[in-house]
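Inspection log for the structure reproduced underneath, given as structure tokens.
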Protein chains: 2
Amino acid sequence: MVASLVGDPARANMLTALMNGRALTASELAQEAGITPQTASSHLGKLEAGGLIEPEKQGRHRYYRLTDPDVAGVLEGLAGLAARAGHMRVRTGPKDPALRRARICYDHLAGDLGVQMLDSMRARRLVRQKKQDIELTTEGERFLAKHLQISPDMLAHPRRPVCKACLDWSERRHHLAGTLGATMMARFTELKWAARDATPGSRVVNFTRTGEKSFAALFGNGGD
Amino acid sequence: MVASLVGDPARANMLTALMNGRALTASELAQEAGITPQTASSHLGKLEAGGLIEPEKQGRHRYYRLTDPDVAGVLEGLAGLAARAGHMRVRTGPKDPALRRARICYDHLAGDLGVQMLDSMRARRLVRQKKQDIELTTEGERFLAKHLQISPDMLAHPRRPVCKACLDWSERRHHLAGTLGATMMARFTELKWAARDATPGSRVVNFTRTGEKSFAALFGNGGD
DNA sequence: ACAACGCTTCGGCTATCATCGAAGCATGAA
DNA sequence: TTCATGCTTCGATGATAGCCGAAGCGTTGT
């Protein structure tokens, strides 16, 4: 059963660490979960057998990543259920407020700023959202081309939707996923508006001062 | 952790039994999971504490149901991951082929016929589907009003989308969820085209002979 | 009032599985 | 070749948690 794989705390920590979309080595994951490499090896084998993660050999390292954005989606859904039961992640620490503000959800922006961005885009009619479904409008395409140099053909992907509503576990509202969400996040990084936290395994996204201003100019509360 | 709750086989069986959307008593769930009432009571308490199920007292019975369609969604997602890993449900039996053909996924039609229905609706432009997102077209509204006496205002719901793509674990393709999926299934039942299997806890949907013909007339392969 | 029924709580048994030490097997470096 | 590093396999230990029998509590029915 897949759920029992996610159920174990050590494995859950590993998967959470992989939610930032990066591939991590076996030993990094071991440290992340607070267990010895031997134990980690066993867990990783099971997760791989369950199809949740994929290995990639590179020299004498083995990098693991989540097999699929779908896996990340289910994981996020699970986290959502856990959040509403009050079982907030025990993993408390100083980075918690930062996590709430801006973090990576697999490959796109989540947290307060992620929710705020989608809110603003919806208010400015850059996207249309009917309940769970999101669609990019022509105004939205113009906006993206003008302000973020993103053209529609950059968003095409054989098996992934352009827009997707992703439930945010801290805000309990939607943020933007899909190829658009991923591309926008990538652009923010390129523009040096924001950068993923340096500490390995962290999902925190730190905005620079100018980045914060630019982001607010595009998606600030004024548009709400 | 929520995932560990779903991870236990006994609890997983209980939850699977509740996926048909009906509420079941504690003893029914115990029998469904193949355990004694004492053990079941413990499990049900944990599931309730985890916010996955909700009790409802009624005389000397306690009925349990899934708290939310969201829970069903996450469960279905988990089943999808399990399916693609080849970990098909061990729960084999004579009802398996019937399950593959037509079953209830929380409150809407799933299985071969469910997938076929969405395929046909897409081909006839009753809905537009962009990757994961489904939208009802005006032709679709006309079709529903004419053939199934379903008007758009019957589909409005504060917190649930009209259309939603739900990944089918047996077909590994999408079928139609959301209020439309639920309403259509309800109409099929009212029209006596189909009925849920009588055996308690079964997700199988049995089509009558005339129901099968009527269904095929609307959503048959001819439209594909 | 009494009995039957549905469910829960308690206590003890058992098995599964996570965990780690030690050893083995690769790959890369000296 | 020789050593170091990263990871895996093996074996043994220990703790968590599922499980059931017995008993208790509340509700329904006679």
Side-chain angles (χ1 to χ4, degrees), chain A residues 1-18 22-66 82 85 87 90-91 200-201, chain B residues 1-18 22-66 82 85 87 90-91 200-201:
Chain A
M1 192 49 171
V2 174
S4 61
L5 291 176
V6 192
D8 179 78
R11 287 192 290 259
N13 284 334
M14 290 177 166
L15 292 172
T16 307
L18 290 173
R22 276 198 275 254
L24 299 175
T25 68
S27 31
E28 283 172 331
L29 288 168
Q31 188 190 356
E32 192 65 27
I35 52 179
T36 61
Q38 310 92 296
T39 309
S41 180
S42 160
H43 286 312
L44 291 170
K46 289 170 187 175
L47 287 174
E48 184 185 346
L52 294 179
I53 61 176
E54 270 176 350
E56 186 177 334
K57 281 194 68 168
Q58 205 164 111
R60 49 185 168 184
H61 293 280
R62 274 185 79 127
Y63 283 91
Y64 284 96
R65 75 180 78 249
L66 298 184
H87 290 247
V90 200
R91 248 193 131 122
Chain B
M1 194 45 170
V2 174
S4 60
L5 290 176
V6 192
D8 179 76
R11 286 192 292 259
N13 285 332
M14 290 177 166
L15 292 171
T16 308
L18 289 174
R22 274 199 275 255
L24 298 176
T25 68
S27 33
E28 284 173 329
L29 287 169
Q31 186 188 357
E32 190 66 26
I35 53 180
T36 60
Q38 309 93 294
T39 309
S41 181
S42 160
H43 285 313
L44 291 170
K46 290 170 186 173
L47 287 174
E48 185 186 344
L52 294 179
I53 61 176
E54 268 176 351
E56 185 177 336
K57 280 195 69 167
Q58 205 162 108
R60 49 185 169 188
H61 293 279
R62 274 185 79 133
Y63 285 90
Y64 284 96
R65 77 180 77 250
L66 297 184
H87 289 245
V90 201
R91 249 194 130 113

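Proteins come first, then strands; the chains are lettered A, B, ... in the order of their sequence lines, and each starts at number 1.
Using a 4.0 Å heavy-atom cutoff across all strands shown, B:K46 reaches sugar-phosphate atoms only and no base atom.
B:S41 contributes no side-chain N or O that, together with a main-chain N or O of B:P37, makes up a donor-acceptor pair within less than 3.5 Å.
Comparing the axis of the opening five pairs of the helix from C:dA1-D:dT30 to C:dA30-D:dT1 with that of the closing five pairs yields an angle of 20°, rounded to 10°.
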Item checked: Derivation and outcome, side-chain contact (heavy atoms from CB on, under 4.5 Å), residues A:I53 and A:L44 -> CA-CA 8 Å; A:I53 61 176; A:L44 291 170; 3.7 Å; yes
Notebook entry, point to check: Can you give one letter per nucleotide of nucleotides 5-12 of chain D, 5' to 3': B if a protein heavy atom sits under 4.0 Å from the base, S if only from the sugar-phosphate, - if neither?
Noted result: BSSBB---
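Atom P of nucleotide D:dC20 and atom CD of B:Q31 are separated by 14 Å, given to the nearest angstrom.
Proximity of B:L24 to B:E32: side-chain heavy atoms (C-beta onward) are nowhere separated by under 4.5 Å. Within the 4.5 Å cutoff, the side chain of A:L52 has no heavy atoms near those of the A:L18 side chain. Using a 4.5 Å heavy-atom cutoff, the side chains of B:V2 and A:V6 are not in contact.
Taking the 5' to 3' direction, DNA chain C first and last meets chain B under 4.0 angstrom from a heavy atom at C:dA4 to C:dT9.
Shown here are the side-chain contact (heavy atoms from CB on, under 4.5 Å) partners of B:T25, two or more places apart in sequence or in another chain: B:S27, B:E28, B:H61, B:Y63. With sequence neighbours excluded, the residues satisfying side-chain contact (heavy atoms from CB on, under 4.5 Å) with B:A10 are B:D8, B:A33, B:I35, B:H43. A:R65 is linked by a side-chain hydrogen bond (donor to acceptor under 3.5 Å, both in side chains) to A:E56, counting only residues two or more places apart in sequence or in another chain. A:Q38 pairs by the side-chain hydrogen bond (donor to acceptor under 3.5 Å, both in side chains) definition with A:T36, not counting sequence neighbours.
Applying the salt bridge (charged side-chain N to carboxylate O under 4.0 Å, His left out) test to residues at least two apart or on different chains, the pairs with a partner in residues 38-50 of chain B are B:E48-B:R62.
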